[in-house]
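Sequence lines set the chain letters: A, B, ... in the order given, protein chains first and strands last, and positions in each chain run from 1. Everything numeric here is computed off the predicted structure, so don't read it as measured data.
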Number of protein chains: 2
Amino acid sequence: MIILDYKDRRPIYEQVIEKLEELMFLGVLKEHDPMPSVRSLAMDLSINPNTIQRAYAELERRGYIYVVKGKGSFVSENRTMKENRKREFLVQFSDMIDEAIRLGISDQELHQMVEVQYKAAVKITGGGET
Amino acid sequence: MIILDYKDRRPIYEQVIEKLEELMFLGVLKEHDPMPSVRSLAMDLSINPNTIQRAYAELERRGYIYVVKGKGSFVSENRTMKENRKREFLVQFSDMIDEAIRLGISDQELHQMVEVQYKAAVKITGGGET
DNA sequence: ACACTGTATTAATACTCTTAATACAGTTAT
DNA sequence: ATAACTGTATTAAGAGTATTAATACAGTGT
């Protein structure tokens, strides 16, 4: 379910956070679904439970999971998550355009890139079917 | 000339590399200009000369500066740099479009963002006047 | 000779990430 | 109640990296 990349410079717990958020976003982990337990996920990934614990603590802090003591951790109702993600996208996208301008890329070129890339990407991924 | 951000998680030497590359890109540091000496830049930034040395070694490895022993370090003829930067941009931009598709953003929306952001950014920055 | 350049080395310190070994409290099923 | 799960907390150790510090050496220019 999750594959770690040890060549990645970022710490493992961050990768775990990212992957789990992605699974929530994709709907593989649905609202109120139980998260894998700290120990079992640690076993799965062959890493220390403390490292998973750290990732879970951060996910809880972000409001993406909630904890019921003794029972486990569960996926939150995460409307906020998709909003956050979209907000981040918008910021990054406008930064990209600033960079494009610095690089002397014209708006026509940008439009063309959007067009080409969009078609190509949709063809591969299947794109935004909700 | 350079301001370090100690809240940034990345190491100082990486920030120094980034800032110096930016100054070259902007033309503040022109081809064959002398770079500030290791010791003087270290003084300026109130950090250890070794840290600057590390940044310079990396800049040389990337071909952005060249060294004349006993004289100093100088800005390379860096056509490659702008090409590299453009290449990086293209990769990132297509990644962004993939993300947009995941977020269910239509190509029309993307085109509109490009349009709005481009005009706004050019107005502020003055944009790609070379 | 002196004051600059870059470069190299070694040591010490600090910080972060990760693992390991426990321990404790709450839940659930038997 | 006991066993087997949950999450949480703590403490210690190890590894790796970033940074500083103190030198030393070689080349350049005045």
Protein-to-nucleotide contact annotation, 5' to 3' order, nucleotides 20-30 of chain C [B base; S sugar-phosphate only; - none; under 4.0 Å, heavy atom]:
BB-B--BSS--

Look at B:Tyr13 and D:dA18 and indicate whether a side-chain polar atom (N or O) is within less than 4.0 Å of OP1 or OP2.
yes

Can a side chain N or O of B:Tyr56 be found less than 4.0 Å away from OP1 or OP2 on C:dG6?
no

Indicate if B:Ile2 and B:Tyr13 have the same hydrophobic cluster label, given that clusters are the connected sets of ILVMFWY residues with side-chain heavy-atom separations under 4.5 angstrom.
yes

Can you measure from CD1 (B:Ile47) to CD1 (B:Ile52) and round to the nearest 0.5 angstrom?
3.5 Å

In whole angstrom, give the distance that lies between atom [atom1] of [X] and atom [atom2] of [N].
X	N	atom1	atom2	value
A:Phe74	D:dC5	CZ	C1'	12 Å
A:Arg9	C:dC15	CZ	P	20 Å
B:Leu41	C:dC4	CG	P	17 Å
A:Tyr6	C:dC17	OH	C1'	12 Å
B:Ile65	C:dT7	CD1	P	8 Å
A:Glu58	D:dT8	CD	C1'	16 Å
B:Ile52	C:dT7	CD1	C1'	15 Å
B:Met43	C:dG6	CE	C1'	18 Å

Measure from the side-chain heavy atoms of [X] and tell me the nearest of [options].
X	options	value
B:Gln53	C:dT7, D:dT8, C:dC17	C:dT7
A:Thr51	D:dT20, C:dT18, D:dA18	C:dT18
B:Val67	C:dT18, C:dT7, C:dT5	C:dT7

Measure from the side-chain N and O atoms of A:Gln117 to the backbone N and O of A:Val114, and report whether any donor-acceptor pair falls under 3.5 Å.
no

Please check if the side chain of B:Asp8 supplies one atom and the backbone of B:Arg10 the other of a donor-acceptor pair under 3.5 Å.
yes

Earlier contact from the 5' end, DNA chain C, for B:Glu60 and A:Arg54
B:Glu60

Closest-nucleotide mapping onto DNA chain C: is A:Glu14 or B:Gly72 further toward the 5' terminus? I mean the 5' end.
B:Gly72

Think A:Arg85 forms a cation-pi with A:Phe25, using NZ or CZ under 6.0 Å from the six-ring centre and within 45 degrees of its axis?
yes

A:His32/A:Tyr66 under ring-ring contact (aromatic ring centres under 6.0 Å, His included): CA gap, chis, key distance, verdict:
CA-CA 9 Å; A:His32 303 298; A:Tyr66 63 91; 5.8 Å; yes

Could you list the residues that satisfy side chain to side chain donor-acceptor pair (under 3.5 Å) with B:Ser40, not counting sequence neighbours?
B:Ser37

